[in-house]
Novice: 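Pasting a structure below so you can have a look.
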Amino acid sequence: MTLTPILLTTPDDILGAVPYLLGFHPADSLVVIAFAGRGVRGRLRLTTRWDLPAAPGTLDRLVPLLRREQVTHAILAGFGEGALVTPAVDEALRLLQGAGIEVVEALRAHERRYWSYVCTQVACCPPEGRAYDPVAGPVAAQATMGGLVALPGRESLERAVAPVGGAARAAMAEATRATAAEIRARLLAARDPAEVPRAFVGEALDRVRRCLAGFPGHGPPADLEAARLGFDLAVVRVRDEAWTLMDDATQDVHVALWADLTRRLGRRFLPPVASLLGAAAWRRGDCALAGIAVDRALAADPSYSMAGLLAQGLRQLVGPEVLRERMPSPEELDASMGPPHMDWLHPMLRLLDEELRAEVPPPELAARPVHGAERP
């Protein structure tokens, strides 16, 4: 969670940590916190959340996921009414115990009280439950000091990457129109069309690297720079370069930059940036944000292949390690894709055409006479 390990030794610790592991305070949920190793030396491998009620068979994917991650023991935490949580916890207990994965604690929390499914001692786990504070406990304080944030709920997480509106939206739209006009002018002025792909891709790759290197220290990209990135990332080679640049040291920068662009860019520019946000969030284990980002990408373009790939991985509970182990380097991208050619630019050119045509009023408006100009 932070550079300083947080030890989960009591139910209060567990329930205080869950919102920071997820990024929001869950409701009507089953949360599985999984570890590899033994005792206090066990290391967190993953945290996953399931909406409740869970459809029959939904939890069957849990054991294969934990086995892939070499999990040895786990904690279950259900949030909601007993009638909602208990069947899911019972099913998870059955599956994990059958797979030889130790469940060190299983809890239900509701309205600032918790109950344990493991402890049977009335002295520490009375029938009426025990009170706990989900926001002011020691683990919550330590997580906050470490820079972690827990939003009030999933809806708050969705709002955190929702489209900007008002003056910010109008300014971004104007910057996008200006950028489209500039790109068109440069394309028309090119002396050698054969050199256009190399020049465009080279500048785009430099811009992606520069923005990642400067964010967040220099603040988010200016509107014109953000608009240009929207056109740049429509080119698959440029998008994939950004994807391959993600590593443990920079994944938070990627999340911040692509979240900023997901909020600011227009809908037609969303699939690449929202997919990159999804990949970066998934890579650091933030599956809730990854799912929201992928949904945004697919809402804009249901056929966008990168978003579809990420959605499939999230649905099948593939661990984020796959993104660390199988991503090519920029040099390998060069070797596999070869030198830039005009076909690479076709998605960008379609965006350019759509943006420029959007500036032209519909024919019925253009043909309508101006009030007062008609002859009597």
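Residue numbers start at 1 and run along the sequence shown. Scope of the values below: all heavy atoms of this structure, side chains included, with no hydrogens, waters or symmetry mates.
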Novice: Do R296 and S275 have side chains that approach each other closer than 4.5 Å (heavy atoms only, starting at C-beta)?
Specialist: no
Novice: For the OG1 atom of T250 and the CG atom of L212, what is their distance to the nearest 0.5 Å?
Specialist: 7.0 Å
Novice: For a quick test of reading the model, state the closest non-hydrogen atom pair linking L44 to A34 and the distance between them.
Specialist: CD1-O, 3.5 Å
Novice: With E355, which of R177, R268, R267, R350 fulfils salt bridge (Lys or Arg N to Asp or Glu O under 4.0 Å)?
Specialist: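 Of R177, R268, R267, R350, salt bridge (Lys or Arg N to Asp or Glu O under 4.0 Å) with E355 is met by R268 alone.
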Novice: Donor-acceptor pairs under 3.5 Å, side chain of residues 185-200 to any protein atom, not counting sequence neighbours: which ones?
Specialist:
| unit_1 | atom_1 | unit_2 | atom_2 | d |
| --- | --- | --- | --- | --- |
| R186 | NH1 | E203 | OE1 | 3.2 |
| R186 | NH2 | E203 | OE2 | 2.8 |
| D192 | OD1 | A194 | N | 3.1 |

Novice: Of all the heavy-atom pairs spanning R108 and G82, show the shortest one and how long it is.
Specialist: NH1-N, 3.2 Å
Novice: Applying side chain to side chain contact (heavy atoms under 4.5 Å, CB included), run through C211 and L257 and close with a yes or a no.
Specialist: CA-CA 8 Å; C211 287; L257 176 60; 4.3 Å; yes
Novice: Can you get from L352 to L224 by hopping between Ile, Leu, Val, Met, Phe, Trp and Tyr side chains that sit under 4.5 Å apart?
Specialist: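 Looking at the clustering, L224 is in a separate group from L352.
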Novice: Taking all non-hydrogen atoms of both residues into account, name the closest pair between L52 and A88 and its distance.
Specialist: CD2-CB, 3.5 Å
Novice: Compare all side-chain heavy atoms of V18 with those of T47 and state whether any distance is below 4.5 angstrom.
Specialist: no
Novice: So if you build clusters from Ile, Leu, Val, Met, Phe, Trp, Tyr with side-chain heavy-atom gaps below 4.5 Å, do M306 and M337 land together?
Specialist: yes
Novice: Could you check if a side-chain atom of M246 sits within less than 4.5 angstrom of a side-chain atom of W258, using non-hydrogen atoms only?
Specialist: yes
Novice: Could you tell me the separation between the CE atom of M172 and the CZ atom of F269, rounded to the nearest 0.5 Å?
Specialist: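 Between M172 CE and F269 CZ, I get 8.0 Å after rounding to 0.5 Å.
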Novice: Give the C-alpha distance, both sets of side-chain angles, the deciding distance and a yes or no for side chain to side chain contact (heavy atoms under 4.5 Å, CB included) between V85 and L30.
Specialist: CA-CA 7 Å; V85 172; L30 174 66; 5.6 Å; no
Novice: Does a side chain donor of either S116 or E105 reach within less than 3.5 Å of an acceptor in the other side chain?
Specialist: yes
Novice: Mind checking whether F215 and P221 have side chains closer than 4.5 Å, heavy atoms only?
Specialist: yes
Novice: Are L107 and I14 side-chain neighbours, meaning at least one heavy-atom pair lies under 4.5 Å?
Specialist: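 In contact.
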Novice: Under 3.5 Å, which donor-acceptor pairs do the side chains of residues 228-238 form with other protein atoms, sequence neighbours left out?
Specialist:
| unit_1 | atom_1 | unit_2 | atom_2 | d |
| --- | --- | --- | --- | --- |
| R228 | NE | D232 | OD1 | 3.4 |
| D232 | OD1 | R207 | NH2 | 3.4 |
| D232 | OD2 | R207 | NE | 2.6 |
| D232 | OD2 | R207 | NH2 | 3.2 |
| R237 | NH1 | E241 | OE1 | 2.8 |
| R237 | NH2 | E241 | OE1 | 3.1 |
| R237 | NH2 | D334 | OD1 | 2.8 |

Novice: Would the distance check show the side chain of T58 and the main-chain N or O of A54 forming a donor-acceptor pair, the cut-off being under 3.5 Å?
Specialist: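 Pair absent, no side-chain N/O of T58 close to backbone of A54.
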Novice: List the residues meeting side chain to side chain contact (heavy atoms under 4.5 Å, CB included) with D301, not counting sequence neighbours, and say none if there are none.
Specialist: P271, S303, Y304
Novice: Hey, can you pull the donor-acceptor pairs under 3.5 Å for the side chains in residues 119-126, sequence neighbours left out?
Specialist:
none

Novice: Could you state the interatomic distance from CG (L270) to CG (L298), rounded to the nearest 0.5 Å?
Specialist: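 With rounding to 0.5 Å, CG (L270) is 11.0 Å from CG (L298).
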Novice: Using a strict threshold of under 4.0 Å (side-chain N to carboxylate O), is an ion pair present between D247 and R283?
Specialist: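 Answer for the salt bridge query: no.
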Novice: List for me each residue that meets side chain to side chain donor-acceptor pair (under 3.5 Å) alongside T86, sequence neighbours excluded, and say none if there are none.
Specialist: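 Partners of T86 under the side chain to side chain donor-acceptor pair (under 3.5 Å) test: Y117.
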Novice: CG/L84 to CD/E81 distance, rounded to the nearest 0.5 angstrom?
Specialist: 8.0 Å
Novice: Salt-bridge test for D206 and R210: reply yes if a basic N is under 4.0 Å from a carboxylate O, no otherwise.
Specialist: no
Novice: Would you say that V294 contacts L314 through its side chain, given a criterion of any heavy-atom pair below 4.5 Å between the two side chains?
Specialist: yes
Novice: So, R169 side chain and V164 main chain: donor-acceptor pair closer than 3.5 Å or not?
Specialist: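 Yes; at least one donor-acceptor contact below 3.5 Å.
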Novice: Walk me through whether R130 and D12 qualify under salt bridge (Lys or Arg N to Asp or Glu O under 4.0 Å).
Specialist: CA-CA 10 Å; R130 295 188 67 89; D12 295 78; 5.9 Å; no
Novice: Are L309 and S305 packed together at the side-chain level, in the sense that at least one heavy-atom pair is separated by less than 4.5 angstrom?
Specialist: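 Not in contact.
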Novice: Evaluate the side-chain proximity of E69 to L66: yes if any heavy-atom separation is below 4.5 Å, no if none is.
Specialist: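 With C-beta onward as the side chain, the pair stays apart.
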Novice: Walk me through whether D133 and R112 qualify under side chain to side chain contact (heavy atoms under 4.5 Å, CB included).
Specialist: CA-CA 6 Å; D133 192 330; R112 292 177 175 258; 3.4 Å; yes
Novice: About how many Å separate OH of Y132 and OG1 of T10, when rounded to the nearest 0.5 Å?
Specialist: 12.0 Å
Novice: What pairs with R94 under side chain to side chain contact (heavy atoms under 4.5 Å, CB included), at least two apart in sequence or on another chain?
Specialist: E91
Novice: Between R49 (side chain only) and S29 (backbone N and O only), is there a donor and an acceptor less than 3.5 Å apart?
Specialist: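 Checking the backbone N and O of S29 against the side chain of R49, no donor-acceptor pair under 3.5 Å is found.
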Novice: Verify the cluster assignment for L356 and I183: are they in a single hydrophobic cluster under the rule of side-chain heavy atoms below 4.5 Å apart?
Specialist: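 L356 and I183: one cluster.
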Novice: Would you say the side-chain atoms of H73 pair up with the backbone N or O of G37, donor to acceptor, closer than 3.5 Å?
Specialist: yes
Novice: Between R113 and E128 (salt bridge meaning N to carboxylate O under 4.0 Å), is one present in this structure?
Specialist: no
Novice: Answer yes or no: is there a donor N or O on one side and an acceptor on the other, between the side chain of R43 and the main chain of F35, under 3.5 Å?
Specialist: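 No, the answer is negative, given that no donor and acceptor are paired below the 3.5 Å cut-off.
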Novice: Before you tell me yes or no, could you show the steps for L62 and W50 under side chain to side chain contact (heavy atoms under 4.5 Å, CB included), namely the whole-Å CA-CA distance, both residues' side-chain angles and the distance that decides it to 0.1 Å?
Specialist: CA-CA 10 Å; L62 180 58; W50 310 75; 4.1 Å; yes
Novice: State whether the side chain of W115 and the backbone N or O of P127 hold a donor-acceptor pair below 3.5 Å, judged by distance alone.
Specialist: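 Yes, because the side chain of W115 sits within donor-acceptor range (under 3.5 Å) of the backbone of P127.
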Novice: Over all heavy atoms of both residues, which pair between F24 and A288 is shortest? Give the atoms and the distance, please.
Specialist: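 Closest heavy-atom pair between F24 and A288: CE2-CB, 3.4 Å.
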Novice: Would you give the length of the straight line joining atom CG of L261 to atom CG of L277, rounded to the nearest 0.5 angstrom?
Specialist: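 Answer rounded to 0.5 Å: 9.5 Å.
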